[in-house]
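Below is one structure, written out as structure tokens, with a few remarks after it.
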Amino acid sequence: MTQTSDNVTWLTQEAYNQLKAELEYLSGPARTEIAKKIEAAREEGDLRENGGYHAAKEEQGKQELRIRQLTQLLQHAKVGETPPDDGVVEPGMVVTIAFDGDPDDTTTFLLASREYASSDVETFSPQSPLGQGVNGKRVGDEAQYELPNGKMASVKILEAKPYKG
């Protein structure tokens with residue numbers, strides 16, 4: 001689970017370990033692998049028309065960007081526990097909301113950094129408009145947030161439980 005405020009990212013130990021392992025892989029074996037791909041493509045000749053070379057260089061650029069992102073994230077990380085099960089919406093909580101108070105129009109999501117997105121539940125960042133609107137609210141509260149078109153939307157917090165992974 002993550003919460004970003006004042007450049008500090010809060011992570012569970014599990015999330016920290018997962019991101020650290022990804023960084024170690026990208027910084028070590030993956031860097032060696034991409035360097036070999038670039039060298040092999042370079043040996044094929046004319047670099048201006050060498051699709052394999054350009055693809056490998058692009059992949060290398062993306063990989064180096066991810067390494068920088070992970071390094072910065074982990075440098076500012078504070079490892080902590082999952083939030084308490086007290087009904088207050090905060091990063092690390094699975095939240096169920098009803099749009100415009102309609103109990104038939106609901107959605108459930110994890111309020112957490114995109115770094116912790118998982119396939120079993122949709123993830124919304126605490127910095128997203130919806131995330132900002134619900135963060136700090138309690139079960140039963142109404143929350144408002146701005147839609148991309150500039151209009152305001154309201155939701156009712158139906159449930160907020162700590163994410164169990």
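All values below were derived from every heavy atom in this structure, side-chain atoms included, with hydrogens, water molecules and symmetry-related copies excluded. Because the structure is a prediction, the values reported are computed rather than measured.
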Between atom CZ of R31 and atom CD of Q63, what is the distance when rounded to the nearest 0.5 Å?
-> 7.5 Å
Criterion side chain to side chain contact (heavy atoms under 4.5 Å, CB included) on D100 and K156, from CA distance to verdict = CA-CA 7 Å; D100 295 319; K156 183 173 185 172; over 6 Å; no
Counting N and O atoms only, with roles assigned by atom type, does the side chain of S27 sit under 3.5 Å from a partner on the main chain of L23, one being a donor and the other an acceptor?
-> yes
Note: P29 and E24 closest approach over all heavy atoms is CD-O, 3.8 Å
Reported CG-to-OH distance for the pair L73 and Y16, which is rounded to 0.5 angstrom = 9.5 Å
How far apart are the C-alpha atoms of F109 and V134, what are their side-chain angles, what is the distance that settles it, and do they pass the side chain to side chain contact (heavy atoms under 4.5 Å, CB included) test?
-> CA-CA 11 Å; F109 61 90; V134 300; 4.2 Å; yes
Under the side chain to side chain donor-acceptor pair (under 3.5 Å) rule, collect the residues that match up with T96, sequence neighbours excluded.
-> T108
Got a second to check how far E58's CD is from I34's CD1, nearest 0.5 Å?
-> 10.0 Å
What do the steps show when you test R42 against Y53 for side chain to side chain contact (heavy atoms under 4.5 Å, CB included), and what is the final call?
-> CA-CA 6 Å; R42 185 178 279 140; Y53 173 80; 3.7 Å; yes
What residues, two or more places apart in sequence or in another chain, satisfy side-chain contact (heavy atoms from CB on, under 4.5 Å) together with R138?
-> V88, D141
So which heavy atom on A112 is nearest to which on T123, and how close?
-> O-CG2, 3.4 Å
Quick one: CG on L110 to NZ on K161, what's the gap to the nearest 0.5 Å?
-> 15.5 Å
Considering only NZ, NE, NH1 and NH2 on the basic side and carboxylate oxygens on the acidic side, decide whether E142 and K137 come within less than 4.0 Å.
-> no
Less than 4.5 Å apart, any side-chain heavy atom of V94 and any of P162?
-> no
Are L147 and F99 linked, directly or through other ILVMFWY residues, by side chains that come within less than 4.5 angstrom of each other?
-> yes
M152 with V155, same ILVMFWY side-chain cluster at under 4.5 Å | no
Is L130 linked to L158 within one hydrophobic cluster, defined over Ile, Leu, Val, Met, Phe, Trp and Tyr using a side-chain heavy-atom separation of less than 4.5 Å?
-> no
Before accepting this row, confirm whether a basic side-chain N of the pair K36/E39 lies closer than 4.0 Å to the acidic partner's carboxylate O.
-> no
Ion pair present between E64 and R68, side-chain N to carboxylate O less than 4.0 angstrom?
-> no
Stepwise, does the side chain to side chain contact (heavy atoms under 4.5 Å, CB included) test hold for L70 with E22?
-> CA-CA 8 Å; L70 287 171; E22 180 184 355; 3.7 Å; yes
What's the shortest heavy-atom distance between A143 and G133, and which atoms?
-> CB-O, 3.2 Å
Under 3.5 Å: donor-acceptor pair, side chain of N50, backbone of A41 | yes
Measuring from L111:CG to Q132:CD, what's the distance to the nearest 0.5 Å?
-> 10.5 Å
N135 side, atom CG; F124 side, atom CZ - distance, nearest 0.5 Å | 14.0 Å
Pairwise side-chain contact, Q60 with K37, heavy-atom cut-off 4.5 Å (strictly under) | no
Side-chain contact test, heavy atoms from C-beta onward, threshold under 4.5 Å: evaluate it for L74 versus K20 and give yes or no.
-> yes
Judged by atom type as modelled, is there a donor-acceptor pair below 3.5 Å linking the side chain of E159 to the main-chain atoms of V95?
-> no
Can you find a pair of side-chain heavy atoms, one from T107 and one from I97, that are under 4.5 Å apart?
-> yes
